[in-house]
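Remarks on the structure that follows.
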Protein chains: 2
Amino acid sequence: MLPRWELLNEVEARGVRLTAQSRALIATIQETTTHLDAASLLNLARKRNPKIDRATVYRTIELLKKLGMIDELDLMHLNGEKHYYEVKIQQEHLHLACFECGQILEFATPVFERLKQEIAAANQFEIHVTRLELGGLCSACTAKKKVRVQ
Amino acid sequence: MLPRWELLNEVEARGVRLTAQSRALIATIQETTTHLDAASLLNLARKRNPKIDRATVYRTIELLKKLGMIDELDLMHLNGEKHYYEVKIQQEHLHLACFECGQILEFATPVFERLKQEIAAANQFEIHVTRLELGGLCSACTAKKKVRVQ
DNA sequence: GTATTTGCAAAAGCTTTGCTGCAAC
DNA sequence: GTTGCAGCAAAGCTTTTGCAAATAC
C-alpha cells in the first residue's frame, strides 16, 4: 500500500479542532481500506461513537475534501447515486468498475501522470482533482461471457 | 467537430421503434452541442412536442445509454448531483471542469488512447465506458488568482 | 461566556417506479 | 386484440440545511 495521509494528525496539524464525533469518523475512514459511502461510514463510525448523526458525516466529509485529504468517487454509479470516499494516496490511480460483478479494481501507471501533465500544459489548467473511472467487464466476467457464447 | 452518431437513424437501424416523444428527445440531443442534463433536455424537447414527460426523458436516456450512443457525465458535480449527456464521438475525450467559473473544457489526446490500451491489457479488462474528469482552475481563473495574490 | 458544532427533522434535488390508459401494429 | 410505451403521481435515495441545544475552550 502506498503512503496515505495520517488523517487525524494531519487535520489537527492544520489547526482544525476536532470533536469526538468527527474524530471517530476520521479514524474510521483512516482504517477502512474499502471504498466507503456515507451510510456505511456512519454505520462503522457508530461502533466507536453511537450518537453520530448523518449530518455530521457529510460535514466531516466536506472538511476532508476541502483539505484535499480524501477523494470522492462515483464508481460508475454501479449502485445508485451515492459517493464513495478514499484517503488520498501519493500516487494517483484510477478505478475499473465491473458492470457484471460489481468489483472495483484499482490501477496506477506512470502514463496517467504523464497524461495529467500533458492536459495541464495544453490547457493551462491547474488540476486539483482527478477522477478517472472505467466501466466494463473484469477478466473473470469476460471469461464467463466467452464460455456462454461458445 | 468529430463524427458523432446519427442518433435517429442508428437507433431505428437497430430495430428499435420510436414514438413521437422519444423521437423529439433524440433529435434534441442530436442537435444540441452543450452538455444537457435531464431537465434541460426536457425543456428543449418540449418545444418540439409539448406533452413529453420527465419519465420519458429518463427512459429514453436509458435506451441510448444501453445502445452505447451517448455518454453520461458528472462534470465533477459542479452543480449538484445531476447527470449530463453527450452524443458519443469516435475519439474519446476528457472533461476539465473549472471550480471557479464552471466552464467545461474538452480535450482529446492520443496519450489517453494509449493509456486505455495499457489499462485494458494490464488488467485484462474489457473497457466499455470511460469517464475522465478533472477539476481545478482554468487558465483565466488561474490568472485572476495570481493577480489577487500579488 | 462566547464561538462552534451537533442532532434532529425537514426539505431539497434528481431519478425511478407502479399503474392506468393510450397508441401502435 | 396484444403488446408495449407514455403520462401521471408518488415514492425513493442521497445529500443539504435551519435551528435550538449541547459542547469546547
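The structure presented is a predicted model; accordingly, all values stated were derived computationally and were not measured. Here is the naming used below: chain letters follow the sequence lines, and residue numbers restart at 1 for every chain.
Between the CG atom of B/Leu25 and the P atom of D/dG7 there is a distance of 9 Å, rounded to whole Å. Between the CZ atom of B/Arg54 and the P atom of D/dA11 there is a distance of 14 Å, given to the nearest Å. Nucleotide D/dT14 holds its C1' atom 17 Å from the CG atom of A/Leu78, rounded to whole Å. Distance, B/Asp53 CG to C/dA23 C1': 16 Å, rounded to whole Å. B/Lys82 has its NZ atom 17 Å from the P atom of D/dT15, to the nearest Å. In this structure, CD1 of B/Ile61 is placed 7 Å from P of C/dT15, rounded to the nearest angstrom. Counting to the nearest Å, the P atom of C/dG13 and the NE2 atom of B/His77 are 17 Å from each other. In this structure, A/Glu62 atom CD and D/dT15 atom P are separated by 12 Å, rounded to whole Å.
Using a 4.0 Å cut-off between a side-chain N of Lys or Arg and a carboxylate O of Asp or Glu, A/Glu31 and A/Arg48 qualify as a salt bridge. Under a 4.0 Å N-O distance rule, the pair A/Glu92/A/Arg131 does not qualify as a salt bridge.
Side-chain proximity of B/Arg59 to C/dT15, C/dG18, C/dT6: nearest is C/dG18.
Side chain of A/Glu133 to backbone of A/His95: no donor-acceptor contact under 3.5 angstrom is found.
Taking only side-chain nitrogens and oxygens, B/Gln21 never comes nearer than 4.0 Å to OP1 or OP2 of D/dC5. Contact annotation: A/Thr19 side-chain N/O to D/dT23 OP1/OP2 distance is not under 4.0 Å. One finds a side-chain N or O of A/His83 lying less than 4.0 angstrom from the OP1 or OP2 phosphate oxygen of D/dT15. Look at A/Ser22 and you won't find any side-chain N or O under 4.0 angstrom from OP1 or OP2 of C/dT5. Regarding contacts with the backbone of C/dT15, a side-chain N or O of B/Tyr58 is found under 4.0 angstrom from either OP1 or OP2.
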task: Check step by step if side-chain contact (heavy atoms from CB on, under 4.5 Å) holds for A/Ile70 and A/Tyr84.
output: CA-CA 10 Å; A/Ile70 57 173; A/Tyr84 297 87; over 6 Å; no
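Considering every non-hydrogen atom in both A/Cys98 and A/Cys138, the closest pair reads SG-N, 3.4 Å.
Between B/Ala55 and B/Lys51, the one whose closest nucleotide on DNA chain C sits nearer the 5' end is B/Ala55. When each of A/Val16 and A/Arg46 is assigned the nucleotide of DNA chain C with its nearest heavy atom, A/Val16 is the one assigned upstream, toward the 5' end.
Residue B/Arg17 is classed as a sugar-phosphate contact, given heavy-atom separations below 4.0 Å to backbone atoms only. Looking at heavy-atom distances under 4.0 Å, A/Ala38 makes contact with sugar-phosphate atoms alone, never a base.
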